[in-house]
Trainee: 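Before anything else, here's the structure in question.
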Amino acid sequence: MVMENIEHVENVTEITEEMKGWIDKAFHKAQNAYDNGEVPVGCLMVYDKQIVGQGRNEVNETKNATRHAEMVAIDQVEEWCQKNGKESSKVFEDTILYVTVEPCIMCAGALRLLNIPLVVYGCKNERFGGCGSVLNIAGDDIPNYGSPFKCLAGYQAENAVEMLKTFYKQENPNAPRSKVRGHESSPCEING
Amino acid sequence: MESDAHNSSFTWNAIPVLSLEEEMELLEDKLRDGPPLVVFFAATILDKRQTSHLSQILSATKPLPESLRHLKRVRSCFNRLDILLCPAKDHDRVDVVKGDENPELSKQMCRSNGEAVIDSENVAQRADLVQAPSLAEIFKDLADLNGLGDPFLVSVPSKAPKSQKDQQSWARYWPCIYHSKQKNVDTEEHITGGIMSETEKARIGTYMLKAVKAAQRSQVKGCCGAGTVIVDPGNGQVLAVASERTNETGNPLLHACMVAIDLVAKRQGGGAYLGVTGEDIDESDVGGEPLIGMVDQTLSCQTSAESVKPHLTSKKRKSAEESKKTEEKASYLCTGYDVFVTQEPCVMCSMALLHSRVSRVYYGCSRPGGALGTSYRLHCKNDLNHRFVVYRGVMEEECQNC
């Protein structure tokens, strides 16, 4: 791990060894997305030291642009709660999300609605980031919209960016060219 | 525009939700009652055969500033041609600079322009106020300007017109070029608002009524949520009718928009929510029986909808088979589709619609935390990769009551 490139050193000091282990696992999911032609973002949801949900991008597979890794994992947590006789609203309040890329505005909204307290992510999402990059859905005061959540960022950031760059070099075959910006920037669409 | 009698058939107005910048501009335009102006030096072309030659020289030596490229270089005025020389502001003559910055003077100039319309020829030639410099003073190093008369001051629009209407009325100051924007967005209508045709209102109302009904059905199931309808405006086909499913499923994220987006994905051979189905699309329902407890305007809205119905259905019939064949192949997410929602979408739903690349969203009532106008304006955020048009206030009362 190249520690010099980490953006928020003060945050990284708060990321524990255990957290790093979870993030590393989330990267396996991201790799799985990549191998399946999806934008390489992966995540885990951990409750009481166990994985209760995991996901990777499924946008192309489902033809549904909202099927980001986080949304997939959230649905798994719902299922896990049903199987284990837990009340999902309570479980979400004690669940930490580990995701390779900063959650987008939509996912940040979903995480608020579920009252997720903490998100640990790798790299920033300059195109869609909802935890400070484009908007701060994580921290803003939004009426009737769940609770704000804390973010710890930067661990494995370079690795996450590298995966996205490699993915976008081969371009998303399903995405039409962006009318607004053209293709000048890369990675151009971080569906994370 | 149709008759006044028709006008009264809708108690609601579809109000465009603009970006903050557009809103400010609109406000300024309203207050100003005319274009913002900037002072220029111009001269009459004495020998008309020289026009293209002079234009070329001036374009090369005194190109119009980047922000004023909307101005035509030459205007035709009473069988006379005038050509723009250069902005008066940039000139180093003290009296002119003063004149331009003197609010009293600018006001006078604008007023004389505005009142006298074309008669004034928009010539600020009051010798007592401002003295225009001679050609030699403006073009110190250019000798070949024989074909020009003495320079005079003229007030020209400092911004590009946003509509054809503006272009026409601003021509009395100086002719401008007007570029209409993207085809799927009726910028003129969107910016100026309030000029939506009755036919368009009837179309919108018909789809919104479906969303209202879906929302009401969800209430029967114990939800208090919204209803969403997604339509392909190309053929008028309803692609998804959904209501909020949070209570029923225990999943707090199954807002109506999320369900509707997945229903469209299912039509395209994808989809993620296995057990979650949509409301009946029921094509024949368009303009169908009135809702219990619905007020008169909805009825009249349906009546007006009848006038567009034959047109829509014939189109629909023709393209129904084609569209079914091409739907799986050609469509990408919700690209180009219209979305009708009873309530302003939240952050999650608004961004979901943006990710899905919808082209227009119509909603009934605003709500705290809404992300298409109230807490955020995601649809017109410059640093996001897709923008879409949003109208609020569609059947607001019915949407509020459901």
Side-chain angles (χ1 to χ4, degrees), chain A residues 58-68 70-72 74-75 77-79 81-82 87-89 92 103-115 126-130 133-137 140-146 172 174-182 185 188-191, chain B residues 182 184-185 246 249-255 257-274 276 328 331-336 345-359 367-371 374-378 381-388:
Chain A
E58 292 181 0
V59 169
N60 294 334
E61 192 179 310
T62 58
K63 299 179 194 283
N64 178 335
T66 72
R67 297 312 282 171
H68 290 184
E70 297 92 324
M71 305 300 274
V72 175
I74 286 166
D75 286 352
V77 177
E78 294 278 358
E79 271 174 43
C81 290
Q82 270 172 18
E87 205 180 315
S88 62
S89 61
F92 281 121
C104 79
I105 292 165
M106 173 190 72
C107 292
L111 296 167
R112 272 188 78 122
L113 285 170
L114 299 169
N115 300 309
E126 301 292 350
R127 293 297 292 267
F128 300 123
S133 290
V134 177
L135 284 173
N136 188 9
I137 304 302
D140 281 355
D141 188 14
I142 311 172
N144 308 328
Y145 215 59
N172 185 346
N174 292 316
R177 285 180 181 273
S178 164
K179 278 178 198 153
V180 180
R181 284 204 179 181
S185 61
C188 61
E189 252 174 89
I190 307 167
N191 292 322
Chain B
Q182 306 127 282
N184 64 332
V185 178
T246 52
T249 58
N251 183 341
L253 305 186
L254 286 183
H255 293 181
C257 286
M258 302 300 279
V259 178
I261 287 169
D262 198 57
L263 289 172
V264 172
K266 278 176 179 153
R267 289 182 78 102
Q268 297 170 358
Y273 307 145
L274 291 175
V276 182
E328 275 197 36
S331 45
Y332 177 75
L333 307 173
C334 298
T335 309
C346 72
V347 170
M348 175 183 69
C349 292
S350 301
M351 194 62 191
L353 294 169
L354 191 143
H355 281 314
S356 303
R357 297 168 190 265
V358 301
S359 84
R367 61 172 170 183
T374 304
S375 283
Y376 303 96
R377 303 176 200 219
L378 286 187
K381 210 167 155 38
N382 279 331
D383 35 10
L384 292 170
N385 73 332
H386 175 70
R387 263 162 270 167
F388 51 93

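Side-chain atoms are counted along with the backbone in the values below, which use heavy atoms only and exclude waters and symmetry mates. Below, chain A is the first sequence line, B the second, and so on; all start at residue 1.
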Trainee: Side chains of A/D140 and A/Y145: is there a donor and an acceptor less than 3.5 Å apart?
Mentor: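 No donor-acceptor contact under 3.5 Å links the two side chains.
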Trainee: Below 4.5 Å, heavy-atom pairs only: which of A/E58, A/Q82, A/M106, A/E78 has the largest tally toward chain B?
Mentor: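 Option with the top pair count is A/M106.
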Trainee: Determine the option with the most heavy-atom pairs under 4.5 angstrom with chain A, choosing from B/N251, B/T374, B/L378, B/T249.
Mentor: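 Of the options given, most contacts go to B/N251.
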Trainee: Please identify each residue that fulfils salt bridge (Lys or Arg N to Asp or Glu O under 4.0 Å) with A/E61, with sequence neighbours left out.
Mentor: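 For A/E61, the residues satisfying salt bridge (Lys or Arg N to Asp or Glu O under 4.0 Å) (neighbours in sequence not counted) are A/R56.
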Trainee: If I measure from the heavy atoms of chain B, does A/L135 come under 4.5 Å with its side chain, its backbone, both, or neither?
Mentor: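 Side chain only.
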Trainee: Can you name the residues that form a salt bridge (Lys or Arg N to Asp or Glu O under 4.0 Å) with B/R367, not counting sequence neighbours?
Mentor: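 Testing B/R367 for salt bridge (Lys or Arg N to Asp or Glu O under 4.0 Å), a comparison that skips the adjacent residues, returns none.
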Trainee: Does any heavy atom of chain A fall under 4.5 Å from the side chain of B/K381, the backbone, both, or neither of them?
Mentor: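 The side chain, not the backbone.
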Trainee: Quick one: what part of B/L353 sits under 4.5 Å from any heavy atom of chain A, side chain, backbone, both or neither?
Mentor: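 For B/L353, no heavy atom lies under 4.5 Å from chain A.
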Trainee: Looking only at atom types and distance, does a side-chain atom of A/K63 sit under 3.5 Å from a main-chain N or O of B/D262, one as donor and one as acceptor?
Mentor: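 Not at all, since once roles are kept as given, no pair shorter than 3.5 Å links the two residues.
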Trainee: Which heavy-atom pair separates B/L333 from B/Q268 by the least distance, and what is that distance?
Mentor: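 Scanning both residues completely, I find the closest heavy atoms to be O-NE2, 2.8 Å.
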Trainee: Taking A/N64 for its side chain and B/A265 for its backbone only, find out whether a donor-acceptor pair lies under 3.5 Å.
Mentor: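 Checking the backbone N and O of B/A265 against the side chain of A/N64, no donor-acceptor pair under 3.5 Å is found.
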Trainee: Which region of B/S375, side chain (C-beta onward) or backbone (N, CA, C, O), has a non-hydrogen atom less than 4.5 Å from a non-hydrogen atom of chain A, or is it both or neither?
Mentor: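 Just the side chain, heavy atoms under 4.5 Å.
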Trainee: Examine whether an atom of A/D75 lies under 4.5 Å from a heavy atom of chain B, and if so say whether it belongs to the side chain, the backbone or both; otherwise answer neither.
Mentor: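 A/D75 touches chain B through side-chain heavy atoms alone.
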